[in-house]
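Everything on this sheet refers to the single structure shown next.
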Amino acid sequence: MASKRVVSLFLLLLIGVQMRGSNGLSNFYYGMNCPFVEMIVRNVVNQALQKDPTLAAGLLRLHFHDCFVQGCDASILIDASDGTAEKDSPANGSVRGYEVIDQIKQLIEARCPGTVSCADIVALAARDAVFWAGGPYYGIMTGRRDGTRSKIEDTRGLPPPTLNTTDLIKLFVNQHGFTIPELVALSGGHTIGVARCSSLKNRLDNVDPTLEPNFAQSLTRTCSAGDSTTVPFDRTSTTFDNVYFRALQSSQGVLTSDQTLYNSPQTRMIVDNYAMNQAMFFFNFQQGMLKMGQLDLKEGNQGEVRLNCRKIN
Ligand code: HEM
Ligand SMILES: *[C@@H]1O[C@H](CO)[C@@H](O)[C@H](O)[C@H]1NC(C)=O
Ligand SMILES: CC(=O)N[C@H]1CO[C@H](CO)[C@@H](O)[C@@H]1O
C-alpha cells in the first residue's frame with residue numbers, strides 16, 4: 001500500500017513537471033528562466049513582515065481580492081489617475097501591501113526582465129505571508145498572466161461584510177466552486193488582520209443579538225473613536241491559528257459574515273471542527289487557497305506579463 005502511494009505521488013510530481021494544466025499553470029514554471037523567483041519573493045516578504053507583522057494580513061487579502069474580481073490577474077494593482085480602477089472601490093479601501101509587491105517586482109525585473117507575472121507574485125507573497133504568520137505552507141503552481149482591465153464596477157463580486165451563510169454559500173460554492181468546508185476555512189483567513197469599525201457598524205447601531213454582550217460593549221467603546229478605528233479579528237491577530245474559530249464559538253466574531261458561520265446549521269459543525277482541530281483547518285485552508293489561486297485564469301496567451309505591476313504595458 002505504502003509503496004503504491006509513493007509511486008503515485010512520484011507520478012503526480014512527474015506529470016506536474018512536464019505538463020502545463022489546461023489553465024496554463026505548472027510547477028517549476030519559472031524553473032528555467034527565473035529559478036530564483038520563489039526565493040526572492042520569500043526574502044522580501046520576510047523582511048517586510050519583520051518590520052511590520054500586520055502586513056501579512058494585507059498580503060493575504062490582496063490575493064483574495066485579486067482572484068475574486070476577474071480572476072487572479074493582478075488587476076487590483078493597477079493605478080488609475082482618474083480613480084476608476086478596482087483599487088479605488090470602497091470595497092478595496094484599506095487593502096494593503098502594494099509596496100511589498102512593487103519591491104519584489106523590481107528585484108525580479110532586474111534578474112529576469114519581462115518574465116514573471118504580477119499575479120504570480122501576489123499569489124506567492126500571500127502564501128509566504130501565511131506561512132510567516134504560523135500558517136500552513138503549500139506549493140503553488142505558477143504561470144498566471146496579468147490582466148489588462150481594472151474597473152471599479154468589477155468589484156461587485158467582492159462579498160460585503162453583512163452577508164449571511166446562505167449568501168456566502170451562493171457566492172463561494174455555487175458561483176466559484178468551493179466546498180462548504182473550504183468556504184469556512186477561507187473565512188478563517190480572518191485569523192490574521194483587522195477590520196475598520198465601518199465594516200461592523202451594522203452590528204452596533206442596533207446591537208446584533210448574536211454578539212456576546214460584553215464583547216459588544218467593548219466594540220462599541222472602541223468604535224466610538226470613529227469609523228476608521230480598527231479592531232482585530234481575534235486576540236492573536238498576527239498569528240495564523242484557529243483562535244478565530246474559538247472566537248466564533250463564544251459569539252465574538254467581528255463581522256456578520258464571520259459570526260454567521262457559527263450560527264447557521266450548514267456550517268456550525270465545521271467551525272467546531274476547526275476550533276478543535278487546527279490541522280484540519282490548515283488542510284482545508286490550503287485546499288481552498290489552491291482553488292482560489294486558480295480562479296478564472298487567462299487562457300493561453302491572453303493577458304501579459306506586466307513590467308510595472310501598477311501599469312498595463
Ligand atoms: C467570506 C467572505 C469575506 C468577507 C465578507 C470579508 C470581508 C472583509 C472585511 C469587511 C474586512 C475588513 C476590511 C476593513 O474594514 O478595512 C476584511 C479583512 C480581511 N480579510 Fe476578508 N472577507 C471575506 C473573506 C476573506 C478571505 C477568503 C480571505 C483570505 C483567504 C480574507 C482575508 C482577509 C484579511 C487577511 C483581512 C485583514 C486585512 C488587514 O488587516 O489589512 N477575507 N475582510
Ligand atoms: C440571508 O440574507 C438574505 C438577504 O441578503 C435574505 O433574503 C435571507 O433570508 C437570509 N437568510 C437567512 C437564512 O437568514
Ligand atoms: C488603496 C486604495 O486606493 N484605496 C482606495 C479604496 O477606495 C476608497 C474609497 O473609494 C479610496 O478612498 C481609497 O483610496
Side-chain angles (χ1 to χ4, degrees), residues 45 48-62 64 94-97 126 128-137 159 161-163 165 168 183-204 207-264 267-286 288-289:
V45 167
L49 297 185
Q50 235 148 44
K51 269 193 230 142
D52 179 4
T54 71
L55 267 182
L59 290 171
L60 175 57
R61 185 161 177 241
L62 195 57
F64 165 52
S94 76
V95 169
R96 305 179 298 141
D128 292 341
V130 164
F131 183 64
W132 191 89
Y137 186 84
T162 48
L163 291 192
T165 298
L168 287 172
L183 155 65
V184 178
L186 285 175
S187 296
H190 291 171
T191 177
I192 52 176
V194 298
R196 288 165 308 163
C197 289
S198 53
S199 302
L200 49 124
K201 236 181 150 152
N202 66 308
R203 312 187 68 197
L204 301 178
V207 174
D208 181 342
T210 67
L211 260 180
E212 194 276 314
N214 291 320
F215 186 61
Q217 258 182 23
S218 124
L219 288 178
T220 304
R221 218 176 304 122
T222 307
C223 287
S224 65
D227 275 358
S228 55
T229 311
T230 57
V231 296
F233 277 117
D234 67 21
R235 62 189 161 71
T236 57
S237 71
T238 52
T239 308
F240 198 101
D241 55 22
N242 65 348
V243 169
Y244 165 83
F245 295 105
R246 304 216 187 120
L248 301 189
Q249 286 177 317
S250 48
S251 301
Q252 301 192 6
V254 170
L255 306 176
T256 301
S257 65
D258 294 317
Q259 194 58 49
T260 184
L261 297 173
Y262 188 65
N263 293 10
S264 307
T267 44
R268 183 183 201 126
M269 254 177 52
I270 304 172
V271 170
D272 283 333
N273 283 334
Y274 293 166
M276 198 166 59
N277 185 344
Q278 181 164 277
M280 191 190 278
F281 162 43
F282 280 12
F283 181 77
N284 285 307
F285 179 80
Q286 173 180 322
M289 288 298 283

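We use all heavy atoms of the structure for the numbers below, so side chains are in, but hydrogens, waters and symmetry mates are not. When a residue number appears, it is its place in the shown sequence, counting from 1.
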Under 3.5 Å donor-acceptor, [X] side chain and [Y] backbone:
{"X": "Thr222", "Y": "Ser218", "value": "yes"}
{"X": "Ser187", "Y": "Leu183", "value": "yes"}
{"X": "Asn277", "Y": "Asn273", "value": "no"}
{"X": "Glu212", "Y": "Ser251", "value": "no"}
{"X": "Ser224", "Y": "Arg221", "value": "yes"}
{"X": "Asp258", "Y": "Leu255", "value": "yes"}
{"X": "Gln259", "Y": "Val254", "value": "no"}
{"X": "Asn242", "Y": "Ala275", "value": "yes"}
{"X": "Arg268", "Y": "Asn263", "value": "no"}
{"X": "Arg96", "Y": "Leu59", "value": "no"}

**OP:** Write down the atom of Cys223, the atom of Leu200, and the distance for their closest heavy-atom approach.
**Re:** SG-CD1, 4.1 Å
Original post:
Does the ring center of Phe282 lie less than 6.0 Å from the ring center of Tyr274?
Top reply: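 No; Tyr274 has its ring centre 6.0 Å or more from that of Phe282.
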Subject >> Asp234 and His190: CA distance, side-chain angles, deciding distance, side-chain hydrogen bond (donor to acceptor under 3.5 Å, both in side chains) verdict >> reply: CA-CA 8 Å; Asp234 67 21; His190 291 171; over 6 Å; no
**OP:** Determine whether more than 12 heavy atoms belonging to other residues, nucleotides or ligands lie under 6.0 Å from atom CZ of Phe283.
**Re:** no
Any donor-acceptor N or O pair under 3.5 Å, side chains [X], [Y]:
{"X": "Thr162", "Y": "Arg203", "result": "no"}
{"X": "Thr165", "Y": "Thr260", "result": "yes"}
{"X": "Asn202", "Y": "Thr256", "result": "yes"}
{"X": "Gln278", "Y": "Asp241", "result": "no"}

Subject >> Nearest-0.5 Å distance that lies between atom CG in Leu55 and atom CG in Leu60 >> reply: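 Spacing of CG (Leu55) from CG (Leu60) equals 12.0 Å.
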Original post:
Got a second to check how far Gln286's CD is from Leu186's CG, nearest 0.5 Å?
Top reply: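 Going from CD on Gln286 over to CG on Leu186, the span is 11.5 Å.
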Subject >> side-chain contact (heavy atoms from CB on, under 4.5 Å) partner of Val271, chosen from Phe281, Tyr244, Tyr262 >> reply: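 So the option named by the test is Tyr262.
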Original post:
Could Arg196 and Asp227 be called an ion pair, given the rule that one side-chain N must be under 4.0 Å from one carboxylate O?
Top reply: no
